[in-house]
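Below is one structure, written out as structure tokens, with a few remarks after it.
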Amino acid sequence: MGKSSKLKTKNILITGGAGFIGSHVVRLFVNSYSEHHIFNLDALTYAGNLENLTDIENKENYTFLKADITDADKINDLFAEYQFDAVIHLAAESHVDRSITDPLAFAKTNIMGTLNLLQAAKNTWKSKLHPSGGQGALFYHISTDEVYGTLGATGLFTEETNYDPNSPYSASKASSDHFVRAYGETYALPYVISNCSNNYGPNQFPEKLIPLFINNIIHKKNLPVYGDGNYTRDWLYVIDHAIAIKLLFEKGKLGETYNIGGFNEWKNIDLVKLLCRQMDKKLGREKGESEQLITFVNDRPGHDLRYAIDAGKINKELDWKPSVTFEEGLSKTIDWYLANEAWMQHVTSGTYQTYYRKQYTSEEGE
Ligand code: NAD
Ligand code: TYD
């Protein structure tokens with residue numbers, strides 16, 4: 001394929017836009033593209049929170065659609081009604097630990113949900129799929145570096161690395177990537193896939209390492225480090241991921257995959273110690289106080305040793321690189337959580353599920 005979609009798009013569907021990464025993508029798109037209409041489709045699971053988007057919810061080019069991607073009829077109806085020109089698909093079950101206890105939920109949402117969207121897109125775009133590469137339509141799948149499995153002490157994941165997923169989460173994401181590619185090969189569906197490393201930043205649900213530990217440090221609760229803490233992840237500030245997604249939406253070559261990473265590897269234990277140091281300063285605590293909360297606990301089964309991304313392709317082709325250092329990004333993230341304790345309180349108590357969901361659904365009076 002090799003050409004970008006040159007979209008003259010009108011209706012852009014973003015799935016999972018009430019979640020962590022999706023909310024930053026929705027905000028960026030709504031504020032950047034007054035000529036396009038942005039539809040945010042989300043089932044509002046425990047991870048979806050419309051409180052993440054209160055600043056843009058009244059914009060004229062924004063509509064929220066409450067729907068579950070596993071409901072094929074509903075998805076088909078919405079495509080028929082709104083004739084989406086492009087899909088940016090982020091909706092997913094996203095936490096490895098949950099996938100270990102409930103793998104079927106991950107297969108249902110991440111594989112079957114993606115297939116429902118692919119089918120609806122294929123059927124809607126049938127008449128306008130262009131033999132030389134789908135002018136005017138794009139299915140952009142947001143995926144993870146975890147599909148590549150684990151690295152040893154050296155090496156980097158490139159776009160050519162074989163898929164070798166180890167957790168039910170990564171297996172479900174790998175499967176959905178394969179289906180997207182298969183729809184490209186079989187039905188000429190114009191697509192782009194990006195595989196990104198671990199994100200961090202505002203609005204991340206406190207089950208993932210960084211927000212969980214920020215919350216625990218605030219409340220002087222134990223910091224449960226899995227195993228010996230010598231596992232390595234490559235961390236990217238979420239807004240830099242959103243910027244990369246916008247670039248690939250505009251200029252990504254159809255039928256291609258792009259790795260996105262932070263050029264920023266940290267062993268978990270070193271990251272946790274940095275977090276403790278930064279938080280002690282901000283909270284006016286004694287140096288070393290929060291480190292005493294570190295508790296080594298049983299390891300995660302099938303725990304991948306190391307992820308690290310070679311983001312050279314997007315860097316060379318589209319001149320993208322992270323805009324903040326890890327120390328800056330982490331500091332901004334801590335500041336956000338300290339300034340938004342009510343958000344944390346709502347998501348941990350589930351308040352938003354009863355308050356914000358009510359405004360959009362027939363769940364009134366639940
Ligand atoms: P998240 O868990 O914060 O948000 C997921 C969103 O999807 C929520 O708003 C949720 O309500 C919605 N959703 C879940 N199931 C749904 C369903 N059946 N129908 C409709 N909506 C549903 O996830 P995130 O961390 O923002 O990740 C977003 C995407 O990016 C995922 O596809 C994930 O695999 C990918 N990704 C995440 C990371 C990361 O570090 N968080 C890194 C690389 C890729
Ligand atoms: P996580 O944020 O769950 O992301 P992922 O599993 O997708 O990489 O975990 C990041 C790393 O931190 C991973 O190596 C597991 C580890 N971890 C802990 O040590 N303790 C925790 O409580 C959590 C949630 C994660």
Side-chain angles (χ1 to χ4, degrees), residues 14-26 40-50 52-53 65-71 74-75 88-100 105-106 108-110 112-114 116-117 141-147 150 166-167 169-170 172-173 176-177 194-201 203-213 216 222-236 238 241-242 245 259-262 266-269 271-272 294-300 302-307 309 347 353 357:
I14 299 178
T15 70
F20 166 49
I21 302 172
S23 60
H24 292 281
V25 175
V26 165
N40 170 15
L41 183 159
D42 200 295
L44 300 182
T45 68
Y46 78 94
N49 182 1
L50 289 172
N52 295 341
L53 291 167
L65 303 170
K66 183 170 187 292
D68 190 323
I69 58 169
T70 66
D71 180 347
K74 176 80 176 173
I75 295 300
I88 304 178
H89 175 35
L90 296 104
E93 288 292 340
S94 68
H95 194 212
V96 174
D97 290 332
R98 283 179 190 259
S99 82
I100 294 168
F106 282 67
K108 190 174 173 203
T109 292
N110 299 359
M112 288 311 298
T114 302
N116 288 336
L117 290 165
H141 188 226
I142 308 302
S143 191
T144 166
D145 61 351
E146 303 190 24
V147 298
T150 187
N166 290 317
S167 72
Y169 164 66
S170 55
S172 68
K173 292 296 289 187
S176 55
D177 284 0
S194 59
N195 298 85
C196 188
S197 63
N198 287 58
N199 285 216
Y200 69 98
N203 299 129
Q204 189 169 30
F205 193 83
E207 62 186 352
K208 308 274 167 59
L209 179 73
I210 290 179
L212 176 71
F213 280 28
N216 285 8
N222 282 346
L223 307 177
V225 173
Y226 298 161
D228 60 8
N230 285 319
Y231 295 89
T232 299
R233 298 291 182 264
D234 172 358
W235 293 91
L236 178 66
V238 64
H241 188 189
I245 289 172
N259 282 351
I260 306 171
W266 284 80
K267 280 194 171 159
N268 291 342
I269 189 66
L271 185 162
V272 172
I294 294 174
T295 311
F296 291 94
V297 299
N298 285 345
D299 213 347
R300 171 189 280 173
H303 198 165
D304 286 333
L305 177 68
R306 177 170 164 261
Y307 305 143
I309 283 266
V347 300
Q353 301 246 346
R357 282 168 67 165

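Note that ligands are numbered from 1 as they come in the structure, with each ligand's atoms numbered from 1 the same way. Count residues from 1 along the sequence. Hydrogens, waters and symmetry mates play no part in the numbers below; they use all other heavy atoms, side chains included.
Counting protein heavy atoms only, atom 32 (O) of ligand 1 is closest to Lys173 NZ, 2.6 Å. When hydrogens are left out, the protein atom nearest atom 1 (P) of ligand 1 is Ser94 OG, 3.5 Å; that is the closest non-hydrogen contact. Protein heavy atom at the shortest distance from atom 40 (O) of ligand 1 is Asn199 N, 2.8 Å. Nearest non-hydrogen protein atom to atom 18 (N) of ligand 1 is Asp68 OD1, 2.8 Å.
Remark: ligand 1 and Gly19 share an N or O pair separated by less than 3.5 Å (distance only, no angle test). By the 3.5 Å distance cut-off applied to N or O atoms, Tyr231 is not counted among the residues near ligand 2. Checking only distances, Tyr307 never comes within under 3.5 Å of ligand 2, N or O to N or O. For ligand 2, the polar-atom distance check finds an N/O of Glu146 within less than 3.5 Å of one of the ligand's N/O atoms. Between Asn268 and ligand 2, at least one N/O pair is under 3.5 Å apart.
Which parts of ligand 2 touch Glu207 is read off a 4.0 Å heavy-atom cut-off, strictly below it: atoms 24 (C). In summary, the atoms of ligand 1 found under 4.0 Å from a heavy atom of Ile142, numbered by their order in the structure, are 30 (O), 32 (O). Close approach of ligand 2 to His95 is summarised as follows: ligand atoms under 4.0 Å from at least one heavy atom of the residue are 3 (O).
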Start with the C-alpha distance between Glu93 and Tyr169, add both sets of side-chain angles, then the distance that settles side chain to side chain donor-acceptor pair (under 3.5 Å), and finish with yes or no.
-> CA-CA 8 Å; Glu93 288 292 340; Tyr169 164 66; over 6 Å; no
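Counting heavy atoms closer than 4.0 Å to ligand 2, residue Phe213 contributes side-chain atoms (C-beta onward) but none from N, CA, C or O. Both the backbone and the side chain of Leu209 come within contact range of ligand 2, each with a heavy atom under 4.0 Å. At a heavy-atom distance under 4.0 Å, only side-chain atoms of Leu212, from C-beta outward, approach ligand 2. At a heavy-atom cutoff of 4.0 Å, ligand 1 is contacted by both the backbone and the side chain of Ile69. Only backbone heavy atoms of Leu44 (N, CA, C or O) come within less than 4.0 Å of ligand 1; its side chain stays farther off. Using a 4.0 Å cut-off between heavy atoms, His303 contacts ligand 2 through its side chain alone, with no backbone atom that close. Contacts of Tyr169 with ligand 1, taken as heavy-atom pairs under 4.0 Å, involve the side chain alone. At a heavy-atom cutoff of 4.0 Å, ligand 1 is contacted by no atom of His241, backbone or side chain. Using a 4.0 Å cut-off between heavy atoms, Asp304 makes no contact with ligand 2 at all.
Stacking of Arg98 on the aromatic ring of Tyr46 is recorded, both the 6.0 Å distance cut-off and the 45° axial limit being met.
Contact between Ser197 and ligand 1 is present, with at least one heavy atom of the residue lying under 4.0 Å from the ligand. Heavy-atom separations between Ala67 and ligand 1 include at least one value shorter than 4.0 Å. In this structure, Gly113 does not count as a contact residue of ligand 1, since none of its heavy atoms falls inside 4.0 Å of the ligand.
The heavy atom nearest to atom 28 (C) of ligand 1, considering only Thr114, Val147, Leu90, Asn198, is found in Leu90.
Residues Asp68 and Lys74 are not paired through a salt bridge, judged by the lack of any N-O separation under 4.0 Å between the basic side chain and the carboxylate.
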